[in-house]
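Below is one structure, written out as structure tokens, with a few remarks after it.
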Amino acid sequence: MSLSSGVQPIETSFWGRPLTMVLFRGDRVALVDTGLVGTPADAVLPHLRASGLTPNDLSLIIITHAHADHFGGNEELWLASGKKARFAAHRLDRPWIEDPPAQTRQAYGHYMDLGLMSAGDMANNIQFSGNGVVVDEVLAGGEVFDLGVGLELEIVFAPGHSAGNICVLDRKSKVLAQGETVAGVGQFDAAGKLLTVPYYEDVAVYLHSLATVARLDFETMVPSHLPVMDRRQAARFLEDSLDFALQFEQEVQQRVQAGGEGVTSLDLLRSMDGLWGRYPADLGMYMLLESHLLGLLRRGLAGGSLSTGLVWAGSTQNDLAPLEQEARTAIGDML
């Protein structure tokens, strides 16, 4: 399958979920994301061979963000390229990409302490994250990589899903490899079954990034875990993502307000099992709940702590209203 001249999605799966990477082929060849450990051997290298390429042809590998299913194959491809491929990632996600074991333990260790992740799951996450590689091109956003034959890859800084999340826009084909900058309404398996809630680290930053993406000049959107979308489909996807984030925020605020003298994050998780008749109270739910609760603390809408109990300290005024309006205006302008 080709999205445009020189732009090819590489479609595979991991742990029962769909995964799409993107290959940009000009005079130079660039790949966006590498999957988990094993993904290169299973999907990337066979695709290169079928396209008349070898791993040595890979000159640039761009990582959209520091989650294992996007960078776990880094070392494999670096070695397969004869250690010639250069890696690019945002400076804020660089530490995890360069040292996955340490960063994975730091990021997920407290879930083990809470009883939401087993030691086996932690070991599995570390194993499939790989050993890491050096990030040669440390990005800030706004960089342009000229691959020749008119292919120009613009790096768009759009955090929220991670601190250093980026999108990659080819100005010629107007194909946007957005990774998980736009998180949708859930995470799904390869058959389309809903597994859990979406994820982003900071709802306020995430809303701003939805507006950023909506303002980009693209015609085709390539998410990492959902089918390719045209511009109109992408606009609906952005709107659904915005609506979910705001509804989840409202749900969390209401439950914290109802908690009176204090409600812990685990208490809230248990109370949200089966949320809206769709979402289980699993690790994914806790991760998203935690991000919203920490947002309330940062924005001064709640006091206390996640472990000892949060107490509502704000007003009922929607402090995210300006960000919501920014995103809705940008999405409306797409249609």
Side-chain angles (χ1 to χ4, degrees), residues 13-20 65 67-69 108 111 114-118 121 125 160-162 165 178-207 209-210 213-214 221 223-229 232-259 263-296 301-302 306 310 318 320 323-324 327-328 331:
S13 62
F14 75 102
W15 299 341
R17 295 189 61 201
L19 173 65
T20 301
H65 61 282
H67 291 159
D69 51 314
Y108 295 125
Y111 300 134
L114 292 170
L116 297 172
M117 175 181 281
S118 69
D121 287 339
N125 284 344
H161 183 68
S162 76
N165 200 93
Q178 66 98 348
E180 292 176 84
T181 296
V182 187
V185 300
Q187 301 177 50
F188 299 84
D189 69 12
K193 178 184 177 183
L194 178 68
L195 299 174
T196 189
V197 293
Y199 179 71
Y200 38 84
E201 291 183 348
D202 186 313
V203 64
V205 174
Y206 177 63
L207 296 187
S209 288
L210 294 181
V213 172
M221 174 184 282
S224 293
H225 306 303
L226 290 169
V228 173
M229 304 175 185
R232 184 168 292 274
Q233 291 169 327
R236 289 197 293 268
F237 180 50
L238 281 157
E239 187 172 40
D240 289 344
S241 301
L242 174 63
D243 288 341
F244 176 92
L246 292 169
Q247 289 166 9
F248 196 87
E249 172 71 14
Q250 182 180 40
E251 188 78 38
V252 172
Q253 288 194 17
Q254 289 175 346
R255 288 171 185 261
V256 172
Q257 291 177 53
V263 58
T264 70
S265 57
L266 286 177
D267 287 339
L268 284 170
L269 177 67
R270 287 187 284 267
S271 76
M272 294 174 74
D273 190 29
L275 179 67
W276 308 331
R278 301 187 69 190
Y279 300 102
D282 59 3
L283 175 59
M285 170 75 82
Y286 184 83
M287 291 172 67
L288 185 64
L289 173 62
E290 181 181 66
S291 78
H292 278 261
L293 293 175
L294 291 174
L296 294 182
L301 297 179
L306 274 61
L310 289 99
N318 179 13
L320 298 177
L323 291 168
E324 176 186 359
R328 290 207 186 279
I331 294 168

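- Closest approach of His67 and Ser162 over heavy atoms only: NE2-CB, 4.4 Å.
- Taking every heavy atom of both residues into account, Met285 and Pro280 meet most closely at CB-O, 3.3 Å.
- The shortest non-hydrogen separation linking Val256 to Val263 is CA-CG1, 4.2 Å.
- Formation of a donor-acceptor pair under 3.5 Å by the Arg17 side chain with backbone atoms of Leu195 is not found in this model.
- Taking 4.5 Å as the limit, some side-chain heavy atom of Tyr206 sits within range of a side-chain heavy atom of Leu210.
- Between the His161 side chain and the Tyr199 main chain, a donor and an acceptor come within less than 3.5 Å of each other.
- In this structure, Ala245 and His292 approach most closely via the heavy-atom pair O-CE1, 3.7 Å.
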Subject >> Stepwise side-chain contact (heavy atoms from CB on, under 4.5 Å) check, Leu269 with Leu116 >> reply: CA-CA 11 Å; Leu269 177 67; Leu116 297 172; 4.0 Å; yes
Original post:
Between Val228 and Gln233, does a side-chain contact (heavy atoms from CB on, under 4.5 Å) hold up when you go through it step by step?
Top reply: CA-CA 9 Å; Val228 173; Gln233 291 169 327; over 6 Å; no
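- Atoms CG and CE, on Asp282 and Met272 in that order, are 11.5 Å from each other to the nearest 0.5 Å.
- Side chains of Glu180 and His225: a donor on one and an acceptor on the other come within 3.5 Å.
- Val213 has its side chain out of reach of Gln178: every pair of non-hydrogen atoms, C-beta onward, lies at least 4.5 Å apart.
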**OP:** Assess whether side-chain contact (heavy atoms from CB on, under 4.5 Å) is satisfied between Glu251 and Leu275, documenting all intermediate values.
**Re:** CA-CA 9 Å; Glu251 188 78 38; Leu275 179 67; 3.7 Å; yes
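- The CG atom of Asp69 lies 12.0 Å from the OG atom of Ser13; values are rounded to the nearest 0.5 Å.
- Residue Arg270 qualifies as enclosed at atom CZ: its count of foreign heavy atoms under 6.0 Å is above 12.
- Rounded to the nearest 0.5 angstrom, Ser265 OG and Leu268 CG are separated by 7.0 Å.
- In this structure the side chain of Arg278 never reaches within 4.5 angstrom of the side chain of Val197, judged on heavy atoms.
- Counting only heavy atoms from C-beta outward, the side chains of Leu283 and Met117 approach each other to under 4.5 Å.
- Between the CD atom of Glu201 and the CE atom of Met287 there is a distance of 8.5 Å, given to the nearest 0.5 Å.
- For Ser241 (side chain) and Gly184 (main-chain N/O), a donor-acceptor pair under 3.5 Å exists by modelled atom type.
- With values rounded to the nearest 0.5 angstrom, Leu301 atom CG is found 9.0 Å from Gln257 atom CD.
- By the side-chain contact (heavy atoms from CB on, under 4.5 Å) test, Pro198 pairs with Ala183, Phe244, sequence neighbours left out.
- Residues Trp276 and Gln247 bring no donor and acceptor atom of their side chains to less than 3.5 Å of each other.
- Shortest non-hydrogen contact noted between Leu310 and Ala302 is CD2-CB, 4.1 Å.
- With values rounded to the nearest 0.5 angstrom, Phe248 atom CZ is found 7.5 Å from Ser291 atom OG.
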**OP:** Show your working on side-chain contact (heavy atoms from CB on, under 4.5 Å) between Leu207 and Arg328 and close with a plain yes or no.
**Re:** CA-CA 10 Å; Leu207 296 187; Arg328 290 207 186 279; over 6 Å; no
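- Legend: residues meeting side-chain contact (heavy atoms from CB on, under 4.5 Å) with Glu290, ordered by chain and number and at least two apart, are His110, Tyr111, Tyr286, Leu294, Leu306.
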